[in-house]
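A short write-up of the structure that comes next.
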Amino acid sequence: MTEYQIERSVERNMIREAVTVFAKINRANESSLYLGRRDRELVETRGMVWAYLKENTKLTMSYMGRIFNRHHSTVICGIRVHKKNMGTFTNGKAINPLYVDKYEEGSKILDQMMAHTRELNEGLIYRVVLYTDDPVTLNKFEVVNYSRV
């Protein structure tokens, strides 16, 4: 397993958490996010998730699109619409204040969750990748890769 694959597994956890948090905030059905439906709450939730992941991970647009069964150009468009919703008019008022509130609330929750994960990992010196046939007890395992954190 390469460093790239390890990083992807950490990011998968972030993806799951982002989907869960933003789906709850928007009152959207999580499983519907992966379908072809284009209900407003689903589209907004996807846009929020993609924008958050773009800001906080190294995921490509293509990879994010594959997760949600979308083309990478749909992800780009979703992020562009997200930026418009987060913007302000020339008089300083928010274009979509409800959207901004939802996104900021979800971002704060996710940042706190990720900070907790970083705190847990702070004391770690090595990142070790194990291969095992018995993941519950780890009786038999083989070290595939290790690196200094």
Side-chain angles (χ1 to χ4, degrees), residues 1-122 124 126-133 135-136 143-149:
M1 185 175 266
T2 65
E3 189 72 24
Y4 178 76
Q5 291 167 325
I6 295 167
E7 191 171 304
R8 288 287 187 189
S9 65
V10 171
E11 289 173 342
R12 275 190 217 118
N13 182 40
M14 184 179 274
I15 293 166
R16 270 193 307 274
E17 297 297 337
V19 166
T20 301
V21 167
F22 285 119
K24 286 182 181 176
I25 288 173
N26 285 316
R27 296 186 178 135
N29 185 354
E30 275 186 59
S31 59
S32 296
L33 290 171
Y34 304 99
L35 302 176
R37 296 181 54 194
R38 295 187 293 180
D39 300 345
R40 183 181 191 95
E41 68 273 0
L42 298 175
V43 172
E44 286 184 353
T45 302
R46 282 187 209 110
M48 289 179 186
V49 169
W50 291 334
Y52 184 81
L53 293 175
K54 184 178 184 300
E55 293 172 11
N56 296 288
T57 66
K58 297 176 185 176
L59 296 175
T60 64
M61 304 294 176
S62 179
Y63 186 79
M64 286 190 277
R66 273 183 279 159
I67 292 168
F68 291 92
N69 299 315
R70 298 287 186 278
H71 194 265
H72 75 277
S73 62
T74 305
V75 176
I76 293 169
C77 182
I79 292 172
R80 191 176 300 139
V81 169
H82 167 79
K83 287 180 183 177
K84 285 181 185 176
N85 284 328
M86 295 296 288
T88 58
F89 291 112
T90 54
N91 63 2
K93 290 187 178 182
I95 291 176
N96 192 341
L98 181 60
Y99 184 93
V100 171
D101 291 343
K102 288 179 180 180
Y103 181 73
E104 288 177 353
E105 180 184 351
S107 294
K108 286 178 188 175
I109 292 168
L110 288 167
D111 289 343
Q112 289 172 355
M113 291 169 73
M114 294 305 131
H116 178 68
T117 303
R118 285 185 208 107
E119 285 175 19
L120 292 174
N121 294 336
E122 257 181 26
L124 300 178
Y126 290 98
R127 178 182 294 149
V128 180
V129 178
L130 301 175
Y131 174 78
T132 181
D133 290 333
V136 177
V143 176
V144 177
N145 186 6
Y146 67 93
S147 62
R148 194 162 181 85
V149 179

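Worth saying up front: this structure is predicted, and the values here are computed from it rather than measured.
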Which pairs of donor and acceptor atoms, one on a side chain in residues 92-102, lie under 3.5 Å apart (sequence neighbours left out)?
residue, atom, partner, partner atom, Å
N96, OD1, Y99, N, 3.3
Y99, OH, H82, ND1, 2.7
K102, NZ, N26, OD1, 3.4

Smallest separation among heavy atoms of A23 and T45, with atom names:
N-CG2, 3.8 Å
Which heavy atom of S107 sits nearest a heavy atom of Y52, and at what distance?
OG-CD1, 3.8 Å
Sub-4.5 Å side-chain heavy-atom contact between [X] and [Y]:
X	Y	value
E105	I25	yes
M113	V21	yes
L59	I15	yes
V43	R46	yes

Residues in side-chain hydrogen bond (donor to acceptor under 3.5 Å, both in side chains) contact with [X], at least two apart in sequence or another chain:
X	answer
S31	N29
H72	none
N69	none

Does the side-chain contact (heavy atoms from CB on, under 4.5 Å) test come out yes or no for W50 and V81, once each step is laid out?
CA-CA 11 Å; W50 291 334; V81 169; over 6 Å; no
Which residue pairs satisfy the salt bridge (Lys or Arg N to Asp or Glu O under 4.0 Å) criterion with at least one member in residues 32-44, sequence neighbours excluded?
R37-D39, R40-E44
Atom pair [atom1]/[atom2] of [X] and [Y] - distance to nearest 0.5 Å:
X	Y	atom1	atom2	result
L110	L53	CG	CG	8.5 Å
T60	R66	OG1	CZ	6.0 Å
I79	E55	CD1	CD	9.0 Å
I76	M64	CD1	CE	9.0 Å
I67	R16	CD1	CZ	10.5 Å
N56	D111	CG	CG	6.0 Å

For residues 18-41, the ring pair (Phe, Tyr, Trp, His ring centres under 6.0 Å) pairs (sequence neighbours left out) are F22-Y103, Y34-F68
